[in-house]
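One structure is given here, and the rest of the page talks about it.
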Amino acid sequence: MNFEESNKKIKKFRSASELKLQQIKQHSKLIDGAFIELNGINENNPDIVSGRINKISSHYIEHGF
């Protein structure tokens, strides 16, 4: 493998890594928002908790995590 081929592979991997990092940041914001939203809600409100968990789960499934 010559230098140009190596450089192309490095750029491809870097691009994929940057995309994955962006996705992780978005997921982190989603989870942080869920914790803020669920703060003060307890097991007496299972519909709210269940709905939020389902929303987070579907987001992860949709984005391949």
Kindly say whether F13 contributes a backbone atom to a donor-acceptor pair with the side chain of S17 at under 3.5 angstrom? yes
E5 side chain near N2 side chain, heavy-atom distance below 4.5 Å: yes
Roughly how far, to the nearest 0.5 Å, is the CD atom of Q26 from the CG atom of L21? 10.0 Å
Output for pair (K9 NZ, R14 CZ), nearest 0.5 Å, gives 15.5 Å
Point-to-point distance, once rounded to the nearest 0.5 Å, from NZ of K12 to CD1 of I10: 13.0 Å
